[in-house]
Amino acid sequence: MSRKIRVRFAPSPTGGLHLGGVRTVLFNYLFAKKQAGDFIVRIEDTDQTRFVEGAEAYIFDTLAWCGIIPDESPLHGGPFAPYRQSERKAGYRQYAEQLVKDGYAYYAFDTPADLEAMRVAFKTAENPSPQYNQPIREKMRNSLTLSETETKELLAQGTPHVIRIKMPLHETISFTDMIRGEVSFNTSQVDDKVLLKADGMPTYHLAVVVDDYLMKISHAFRGEEWLPSAPVHLLLWKWLGWQADMPEWAHLPLILKPDGNGKLSKRDGDRLGFPVFASDWTDPKTNETTTGFKQHGFLPEAFVNLLAMLGWNDGTDQEIFSMEALIQAFSMDRVHKGGAKFDYEKAKWYNHEWIKKSTAADLKSYVSKIYTDKAIAVTNEALLLKMIDAVKDRCTLLNDFVQQGSFFFQMPESIDTAAIQPKWDDKKNQFFVELIRAYELSSVWETHDLEREFKELAAAHQLKPGELMLPLRIMLVGGKFGPGVFDIAAAIGKTETVNRIKLVTGMLEQGART
RNA sequence: GGCCGGUUCGUCUAUCGGUUAGGACAGCCCCCUUUCACGGGGCAAAGACGGGUUCGAUUCCCGUACCGGCUACCA
């Protein structure tokens, strides 16, 4: 075990980065960084029909937001470039040809129509999806059933063809998965996967093995959905003569939908009202935007934290981890075998914890951006910091700072007069008229003085402060929420405080007359 | 259908054969708070089922059930 740790994340650029995808990246990254290894991003764009413009840039932007910077990638360069499989196309064919030469693979000339016909012809109740496997291949058009001259002729004519792996009969293939332990397969159950497509591009199966070998990948981690094709990859490593360099494997559990069953999908988020992508993704074809955790008001630290805890823990009760702490604590053998249902409530809790834990200075740029987007003018930076400190405990998502704090900078957008109108009377009005006068004459403007003046005046009017605090709060804040009223008054200043009291008493008086 | 994988409170999970099965989210209650939160305290809530192995199984083995993944010239 002296070889350099090198892991890779190999996404195909087909759209937004899904929770499960980011978690796969994260586990790769944590594993590598814990052991001072390299983290590589390789773009698996071998399916040209599924290529989506902008998806690759999106992946790097999103990883950067999470605080994950690859050591090697098409964007960051590296000694094993190129890191896009489409640019490595020319290299794959030789390996497929070598496998044919060695008797481990063969040319297949079946057209899509032939394959379709085969599936229909062999479909039975017991076998609803017939595979291109050992018994079937003998009935198809390939270099195993055709004579050598026929094959050569077809090849020479440029007949479209693929190269398929020739799965052996009744062999047991087993390997040790770092999470699941020993897993074994009978090769008779695996079909003859296409290795090289008719367009000359490799399929995932060939490309992943060739590139992992060429890029000296030491550990290959991927989602559980890949487990069934592991025997194909194992055989390829063996047949290509690279067995000694084969990476160690781990198949990560899936992230499941919160209700019902099955893998979490983008549709579940739309349906249940929470993000599934890490950050906003706009499909260039439909122009449709799917919101991400980032734009939903999540802190990257919280997003990374909640993802890490989905299927992993360090064995203690600790739940809040920074990236550094995760790197320290992470180990693949503590990753679960079973899938985890995603719980958005718990996800929000992580974010709330991180907001509470962050300082006003940490949060300032996020809040500023949101306020700018909402056209809330912040002219006083000290007040912004004061506001963040005052309200962050009540913000679960960053966007909550709008509702919880914008009244520090502008008149509340709506004023819940209905909450106080029924109990409004002349006595209260009189009190506030005098409060305005008292505050206007005030020489000091501090929380405690404001509170003292308020209470003394209430006593003079033979009113309970409790009956007057809520009206004052509504006047300043607009609703039944927020930090202490006198703190708010102190923060927004005399002019603004007096103006708001005047404005709302006016509204209440008018309301009382109608 | 076949193959592979999985199964502890509603959810995320702890437990290296011996525990009153612990924590967290959500829920409910109380305290704090002349608002809303934060905070503090409490309640309720789990080993899929059946067989073994063992002095003793949530833990190890087998079977069953259920759930999931795969079964494309997609990854």
Side-chain angles (χ1 to χ4, degrees), chain A residues 10-14 44-47 49-50 108 110-112 115-116 119 123-133 160-164 177 179-180 183-186 188-191 193-205 207-208 222-231 251 253-254 256 258-263 306 309-320 336-350 352-353 356 391-396 400 403-404 419 455 464-470 472-474 477 479-485:
Chain A
S12 49
T14 53
E44 307 225 338
D45 54 350
T46 56
D47 185 354
T49 63
R50 295 212 310 164
D110 316 284
T111 64
L115 294 173
E116 186 49 37
R119 286 186 190 111
K123 184 172 172 170
T124 61
E126 296 76 43
N127 185 8
S129 43
Q131 304 193 59
Y132 202 114
N133 57 10
H161 64 278
V162 301
I163 293 179
R164 284 182 183 270
D177 183 287
I179 296 170
R180 291 154 209 283
V183 182
S184 43
F185 302 85
N186 183 329
S188 302
Q189 303 294 338
V190 186
D191 62 336
K193 293 281 182 222
V194 170
L195 263 20
L196 198 76
K197 300 186 253 188
D199 64 2
M201 277 286 193
T203 58
Y204 172 80
H205 307 294
V208 73
R222 60 209 332 187
E224 188 185 340
E225 68 270 26
W226 289 109
L227 204 42
S229 47
H251 291 86
L254 267 15
L256 278 11
D259 59 343
N261 306 307
K263 253 201 304 195
L306 73 92
M309 303 310 286
L310 229 38
W312 174 86
N313 69 82
D314 73 341
T316 73
D317 288 340
Q318 184 177 346
E319 293 192 272
I320 302 300
H336 276 215
K337 298 182 176 80
K341 284 187 183 173
F342 179 68
D343 180 2
Y344 187 54
E345 291 305 318
K346 184 89 185 210
K348 284 193 293 190
W349 175 79
Y350 280 106
H352 193 184
E353 290 299 306
K356 284 190 290 179
V391 310
K392 65 178 183 159
D393 283 1
R394 45 207 103 203
C395 294
T396 300
D400 292 340
Q403 145 82 356
Q404 292 293 331
K455 286 186 172 165
K464 287 191 212 122
E467 297 176 66
L468 301 164
M469 300 264 281
L470 184 63
L472 179 61
R473 166 172 299 282
I474 303 251
V477 176
K480 294 193 250 185
F481 60 91
V485 254

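Chain identifiers are assigned alphabetically (A, B, ...) following the order of the sequence lines, protein sequences preceding nucleic acid strands; residue numbering begins at 1 within each chain.
With rounding to whole Å, Asp343(A) atom CG is found 11 Å from G27(B) atom P. Between the CG atom of Leu306(A) and the P atom of U13(B) there is a distance of 12 Å, given to the nearest Å. Note: CG (Asp317(A)) to P (A14(B)) measures 11 Å, nearest angstrom. Whole-Å rounding puts the Asn127(A) CG to G1(B) P distance at 12 Å. Separating the CH2 atom of Trp312(A) from the C1' atom of A14(B) is a distance of 13 Å, rounded to the nearest angstrom. If you measure from atom OH of Tyr344(A) to atom P of C12(B), you get 18 Å, rounded to the nearest angstrom. Per the geometry, CG belonging to Asp259(A) stands 19 Å off P belonging to A26(B), to the nearest Å. Atom CG in Leu254(A) sits about 11 Å away from atom P in G68(B), given to the nearest Å.
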Distances under 3.5 Å between nitrogen or oxygen atoms of protein and nucleotides 5-9 of chain B:
{"unit_1": "G5(B)", "atom_1": "O2'", "unit_2": "Arg180(A)", "atom_2": "NH1", "d": "2.7"}
{"unit_1": "G5(B)", "atom_1": "O2'", "unit_2": "Glu224(A)", "atom_2": "OE2", "d": "3.3"}

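Put simply, CH2 on Trp312(A) and NE2 on His336(A) are 10.5 Å apart, with the number rounded to the nearest 0.5 Å.
Partner His251(A) forms a side-chain hydrogen bond (donor to acceptor under 3.5 Å, both in side chains) with one of Arg222(A), Lys337(A), Glu224(A), Arg180(A) and no other, that one being Arg222(A).
Between A14(B) and Asn313(A), a contact under 4.0 Å exists linking OP1 or OP2 to a side-chain N or O.
Between the side chain of Lys346(A) and the base of A26(B), no donor-acceptor pair under 3.5 Å is found.
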| request: Quick one, give me the B/S/- string for nucleotides 34-39 of chain B, reading 5' to 3', where B means a protein heavy atom under 4.0 Å from the base and S means that only happens at the primed atoms, P, OP1 or OP2. | output: BBBBSS

| Once each nucleotide of nucleotides 70-75 of chain B is scored for protein heavy atoms under 4.0 Å, what B/S/- sequence comes out, 5' to 3'? | SB-BBB

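For the pair Pro258(A) and Asp343(A), the minimum side-chain heavy-atom distance is 4.5 Å or more.
Base pairing of C43(B): its partner is G27(B), meeting the Watson-Crick or G-U wobble criterion (both donor-acceptor distances under 3.5 Å). Nucleotide U59(B): unpaired (no Watson-Crick or G-U wobble partner with both distances less than 3.5 Å). The partner of C66(B) is G6(B), by the rule that a Watson-Crick or G-U pair needs both atom distances under 3.5 Å.
In this structure, His352(A) contributes its side chain and Asp393(A) its backbone to a donor-acceptor pair below 3.5 Å. At least one donor-acceptor pair closer than 3.5 Å links the side chain of Lys392(A) to the backbone N or O of Lys356(A). Asp400(A) places a side-chain N or O within donor-acceptor distance of the main-chain N or O of Thr396(A), the cut-off being under 3.5 Å. A donor-acceptor contact shorter than 3.5 Å is absent between the side chain of Glu126(A) and the backbone of Pro128(A).
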| request: Go through the steps to decide whether Ser12(A) and Arg50(A) satisfy the test side chain to side chain contact (heavy atoms under 4.5 Å, CB included), and finish with yes or no. | output: CA-CA 9 Å; Ser12(A) 49; Arg50(A) 295 212 310 164; 4.0 Å; yes

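Of all non-hydrogen atoms in Pro202(A) and Ala207(A), the two that sit nearest each other are CG-CB, 3.8 Å. Considering every non-hydrogen atom in both Asp191(A) and Asn133(A), the closest pair reads CA-CB, 4.2 Å. Of all the heavy atoms in Lys346(A) and Glu319(A), the pair that sits closest is NZ-OE2, 2.9 Å.
Other residues, nucleotides and ligands contribute at most 12 non-hydrogen atoms within 6.0 Å of the NZ atom of Lys464(A).
Going from the C1' atom of U15(B) to that of U20(B) covers 15 Å, rounded to whole Å. C49(B) and G5(B) have their P atoms separated by 23 Å, given to the nearest Å. The same atom, P, is picked in C3(B) and in U64(B); the two are 12 Å apart, to the nearest Å. Nucleotides G42(B) and A24(B), compared at atom P, are 10 Å apart to the nearest Å. Spacing between G39(B) and A45(B) at atom P, rounded to whole Å, works out to 25 Å. Nucleotides G23(B) and A44(B) have their C1' atoms positioned 16 Å apart, rounded to a whole Å. When the C1' atom is used for both A57(B) and C62(B), the distance is 15 Å, rounded to whole Å. Going from the P atom of U11(B) to that of G47(B) covers 12 Å, rounded to whole Å.
Of the candidates A24(B), G10(B), G1(B), the closest approach to any side-chain atom of Trp349(A) belongs to A24(B).
Applying the 90° cutoff around 0 to the glycosidic angle, C38(B) is assigned syn.
The side-chain tip of Arg394(A) does not point at the ring of Phe481(A) from less than 6.0 angstrom away and within 45° of straight on.
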